[in-house]
Amino acid sequence: MTIFIRRFLSEEEFDDNFNTVDLVKKTLVCFSLEDKKPPWKLWGYAYNDPKVEHAETIVLRELKKYLGSNPTKKDSQYKITLYASYSPCLTCCEEIYKFLNNNNEKVIMKLNISRFYNFHDYDNKISLKILRKYGVQIKMMDLEDYKACFYLFVDPNVELQPREELDVQCQRNEIDLDRLWSEEFQVFEDYLLRRKGQNSAISFISEHLSPGHDRLQKDLTTPKKDEQETASQAKTPVKLPQIKDMDRKERFKRKLPFD
DNA sequence: ATTTTCAAT
């Protein structure tokens, strides 16, 4: 059993997994499911089950279970936020896609990634692009995201002391992701041909690289770099309030005890 | 390629 529901991470676990220096041979995914109203309906974290399942699969199963046993009202809207220590592989991206497809427009998903999993692997790149096109809000974690993740899943009363090199690595990751978004995959037909007959999710890729597969009416895709810059000029970045400044509603949403 | 990568020793 590698999933933990409604449980906080230890500082050690956070540092072991959400750093960009160590060679980490496991994956940690923190997750939360929220409705229109606080508090979170479901939250926790999961590790991969070595040689058995990736962490995303385990989290999705839990989310599926919750949504299945809690029939959605017609106006319900869920938001799922994931903080993943590695980006999802092709198979996990396909599972995320299926999960969202089954829940149609009732679920939006934010996927915050600490570092790339096999960044130069074509499968991983193209499947991330597909997820983005499908409406998943994908972001490489920056310093604020690490702080938010720590605040939400470790301890709101302790301030994260990020490792020295974290910030510069965040900037590199963001550049990599922007590059990926603008990258054209011209050799795609060749790729399909080469991979034909192999046991891989070719249909997932081939069906979704063609235009017209955007899931949501609204454009929820992550803005591109130039769009982001104009957006960031318009509004200041959201900062989590200090614990003492948080009102009751906010504390409730963050599932914190009251004084 | 800055970039190993959801273990195995």
Side-chain angles (χ1 to χ4, degrees), chain A residues 1-5 7 9-10 12-32 43-64 80-99 109-132 136 138-143 145-146 149 153 162-187 191 198-201 204-205 225:
Chain A
M1 201 59 161
T2 58
I3 186 162
F4 303 92
I5 308 294
R7 238 179 73 171
L9 276 170
S10 71
E12 292 72 23
E13 284 176 286
F14 185 92
D15 183 63
D16 282 348
N17 293 281
F18 285 112
N19 79 76
T20 53
V21 179
D22 299 340
L23 173 56
V24 183
K25 306 288 289 186
K26 59 184 188 291
T27 295
L28 168 64
V29 175
C30 302
F31 65 95
S32 64
W43 60 277
Y45 62 91
Y47 290 99
N48 62 296
D49 189 2
K51 291 291 186 186
V52 180
E53 276 183 311
H54 279 192
E56 296 88 330
T57 308
I58 296 167
V59 169
L60 286 175
R61 186 166 54 242
E62 198 64 32
L63 292 166
K64 223 174 292 179
I80 292 168
T81 306
L82 305 180
Y83 291 94
S85 63
Y86 278 117
S87 58
C89 70
L90 182 145
T91 307
C92 289
C93 285
E94 187 181 15
E95 289 196 33
I96 291 170
Y97 159 75
K98 286 179 185 166
F99 172 86
M109 182 179 284
K110 290 170 77 94
L111 172 57
N112 304 304
I113 299 166
S114 178
R115 54 178 159 181
F116 289 103
Y117 175 62
N118 282 346
F119 179 63
H120 299 292
D121 186 311
Y122 185 96
D123 283 352
N124 297 338
K125 292 164 86 169
I126 195 73
S127 54
L128 278 180
K129 282 175 82 82
I130 293 168
L131 276 193
R132 176 179 187 252
V136 179
I138 301 175
K139 189 188 180 202
M140 296 310 290
M141 289 168 69
D142 61 21
L143 223 42
D145 295 316
Y146 282 100
C149 182
F153 290 95
R163 296 200 192 188
E164 197 179 337
E165 66 294 321
L166 186 61
D167 197 30
V168 64
Q169 186 60 49
C170 289
Q171 292 167 30
R172 287 172 177 164
N173 286 343
E174 192 188 349
I175 291 168
D176 279 344
L177 190 65
D178 282 333
R179 197 168 292 153
L180 175 61
W181 292 158
S182 57
E183 199 172 336
E184 299 284 343
F185 285 87
Q186 306 265 359
V187 293
Y191 170 78
Q198 291 181 16
N199 184 22
S200 58
F204 170 59
I205 292 178
K225 182 69 180 167

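Below, chain A is the first sequence line, B the second, and so on; all start at residue 1. Since this is a predicted model, take the numbers as computed values, not measurements.
Side chain of A:Asp176, nearest nucleotide from B:dT3, B:dT5, B:dC6: B:dT3. Taking the side chain of A:Tyr86 as heavy atoms from C-beta on, and the options B:dT3, B:dT2, B:dC6, the nearest nucleotide is B:dC6. For A:Lys51, the listed nucleotide lying nearest its side chain is B:dA8; candidates were B:dA8, B:dT4, B:dA1. Distance from the side chain of A:His120 is smallest to B:dT3 among B:dT3, B:dC6, B:dT5. Picking from B:dT5, B:dT2, B:dA7 the nucleotide with the shortest atom distance to the side chain of A:Arg172 gives B:dT2. With B:dT3, B:dA7, B:dT5 as the candidates, the nucleotide lying closest to the side chain of A:Arg115 is B:dT5.
Residue A:Ser114 is classed as having no contact, given no heavy-atom separation below 4.0 Å to the nucleic acid. Residue A:Glu53 is out of contact with every strand shown, counting any heavy-atom pair closer than 4.0 Å.
Rounded to whole Å, atom P of B:dA1 lies 19 Å from atom CG of A:Asn124. B:dT5 atom P lies 14 Å from atom CG of A:Asn48, rounded to whole Å. In this entry the distance linking NZ of A:Lys26 with P of B:dA8 reads 14 Å, nearest Å. Atom NZ of A:Lys25 and atom C1' of B:dT5 are 5 Å apart (whole Å). For the pair A:Asp16 CG and B:dC6 P, the interatomic distance rounds to 16 Å; values are reported in whole Å. At whole-Å resolution of the value, OH in A:Tyr83 and P in B:dC6 are 24 Å apart. Residue A:Asp121 contributes atom CG, which lies 14 Å from atom C1' of B:dC6 at whole-angstrom precision. Spacing between atom CG of A:Leu82 and atom P of B:dC6 amounts to 19 Å, rounded to whole angstrom units.
Salt-bridge formation is detected for the pair A:Asp15/A:Arg163: a Lys NZ or Arg NE/NH1/NH2 atom is positioned less than 4.0 Å from an Asp or Glu carboxylate oxygen.
The C1' atoms of B:dT9 and B:dT4 are separated by 16 Å, rounded to the nearest whole Å. Distance noted for atom P between B:dA7 and B:dT3: 22 Å (whole Å).
At least one side-chain heavy atom of A:Phe18 sits under 4.5 Å from a side-chain heavy atom of A:Leu28.
The line from OG1 of A:Thr27 to CG of A:Asn17 is 8.0 Å long, rounded to the nearest 0.5 Å.
A donor atom on one side chain and an acceptor atom on the other are not found under 3.5 Å apart for A:Glu94 and A:Thr91.
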Between A:Tyr97 and A:Ser127, does the side chain to side chain contact (heavy atoms under 4.5 Å, CB included) criterion hold? Intermediate values first, please. CA-CA 10 Å; A:Tyr97 159 75; A:Ser127 54; over 6 Å; no
